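To start, the structure under review is shown below, and the notes come after it.
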Amino acid sequence: MGQRLSLIDCLRSANTRRSYCNNLLPNIAGDKKYSVTSYGDSLKHNKLIVRKAFDEADLPDDLRALFLACAFQETTTMCASDRDASKDGDAGGAANWSLWNLNEDLIRELGYAGDCRCLNAEDSLRAVLDIMQRGVQRWGVFRYLAFVRGGRTAFEDGHSYGIHDFVNGIATMLKVLETDENLFWDDRRINVITEHV
């Protein structure tokens, strides 16, 4: 009997195709309107920091694209000070941490037992990437994104909190990243408007 490959191993072997959307979200159109805008040296600098963390984590290219798209969706300049701090202090797991706005419920579900406030620090990027990679590995990309977007409710029902619109926005960004590799390191960000929930 052959050895079963993990999702991460499959992504590594698929990287030569540079078809991020097809590899990660094959049934999602990725057809939302978007723009690409320069946000200056701050974004370029923060991309460099995040890319260094990607390298240290030895992430496959597909996950680099996915996590970059998620950072574009959640922040303007890819820094934790851009995160949604409106739920800080929420005891129900809705507080968001890191530049990826990961909700505390998701973080705990994926085994992180530390102080979530620490995940906002630049030197915690590797720990955050480990959490996100574990989520994709355990649940697949769509369910992971559902948990990111709409917490446990969207994770369990697969449609609450505009999850399909959100995932289509991420798929759109993946398609743009396929065609413009410079977006991984320059001062530009892909802007996709998703419905506010």
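What you see is a predicted model, and the numbers here were worked out from it, not measured in a lab. One is the number of the first residue; the rest follow in order along the sequence.
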Exercise for review: Report yes if some heavy atom in the side chain of Ile49 is under 4.5 Å from a heavy atom in the side chain of Cys79; otherwise report no.
Suggested key: no
Check your understanding: Any side-chain heavy atom of Leu102 sitting closer than 4.5 Å to one from Val148?
Key -> yes
Point to revise | Residues in side-chain contact (heavy atoms from CB on, under 4.5 Å) contact with Leu48, at least two apart in sequence or another chain | key: Arg51
Check your understanding: Considering only heavy atoms from C-beta outward, does the side chain of Thr172 approach that of Ile190 to under 4.5 Å?
Key -> no
Exercise for review: For residues Asp180 and Leu177, determine if any side-chain heavy atom of one lies less than 4.5 Å from a side-chain heavy atom of the other.
Suggested key: no
**Study point:** Pairing of Arg134 and Asp130 as salt bridge, 4.0 angstrom limit
**Key:** no
Review point. Atom CG of Asn23 and atom CG of Leu66: how far apart are they, to the nearest 0.5 Å?
Key: 11.5 Å
Check your understanding: If you round to the nearest 0.5 Å, how far is CH2 of Trp97 from OG of Ser124?
Key -> 12.0 Å
Check your understanding: Of all residues at least two apart in sequence or in a different chain, which pass the side-chain contact (heavy atoms from CB on, under 4.5 Å) check with Asp157?
Key -> Thr153, His159, Ser160
Exercise for review: Establish, from distance only, whether the side-chain atoms of Thr194 and Asp165 form a donor-acceptor pair under 3.5 Å.
Suggested key: no
Review point. Would you say Asn103's side chain and Ala95's backbone share a donor-acceptor pair under 3.5 angstrom?
Key: no
Point to revise | Point-to-point distance, once rounded to the nearest 0.5 Å, from CZ of Arg138 to CZ of Arg143 | key: 11.0 Å
Point to revise | Partners passing side-chain contact (heavy atoms from CB on, under 4.5 Å) against Thr75 (at least two apart in sequence or in another chain) | key: Met78, Asp82, Leu99
Exercise for review: Taking only Lys NZ, Arg NE, NH1 and NH2, and the carboxylate oxygens of Asp or Glu, determine whether Asp186 and Lys47 approach each other closer than 4.0 Å.
Suggested key: yes
Check your understanding: Does the side chain of Phe67 come within less than 4.5 Å of Val136's, by heavy atoms?
Key -> yes
Review point. Can you list every pair that meets ring-ring contact (aromatic ring centres under 6.0 Å, His included) and has a residue in residues 121-149, with sequence neighbours left out?
Key: Trp139-Phe147, Trp139-Phe155, Phe142-His164, Phe147-Phe155
Study note, to complete from the structure: d(Leu68 CG, Leu174 CG) to nearest 0.5 Å is 9.5 Å
Point to revise | Axial cation check for Phe54 ring with Arg64, 6.0 Å and 45° limits | key: no
Exercise for review: Please answer whether the main-chain N or O of Ser98 pairs with a side-chain N or O of Asn120 as donor and acceptor at a distance below 3.5 Å.
Suggested key: yes
Review point. Would you call Ile170 and Val141 a side-chain contact if the rule is heavy atoms closer than 4.5 Å?
Key: no
Review point. Is there side-chain contact between Lys33 and Ile193, with at least one heavy-atom pair below 4.5 Å?
Key: no
Review point. In Å, rounded to the nearest 0.5 Å, how long is the span from CG of Leu63 to CG of Asp58?
Key: 11.0 Å
Check your understanding: Are Met132 and Leu129 close enough that some pair of their side-chain heavy atoms sits under 4.5 Å apart?
Key -> yes
Check your understanding: Which pairs count as salt bridge (Lys or Arg N to Asp or Glu O under 4.0 Å) when at least one residue sits in residues 91-112, sequence neighbours excluded?
Key -> Glu104-Arg108, Asp105-Arg152, Glu109-Arg152
**Study point:** Which residues share a side-chain contact (heavy atoms from CB on, under 4.5 Å) with Glu181, sequence neighbours left out
**Key:** Arg18, Phe184, Trp185
Point to revise | Value rounded to 0.5 Å, distance of SG in Cys70 from CZ in Arg149 | key: 11.5 Å
Exercise for review: Please confirm whether the backbone N or O of Lys87 pairs with a side-chain atom of Asn96, one donor and one acceptor, at under 3.5 Å?
Suggested key: no
Practice item. Taking atom OH of Tyr34 as the centre, report whether more than 12 heavy atoms of other residues, nucleotides or ligands fall under 6.0 Å from it. Key: no
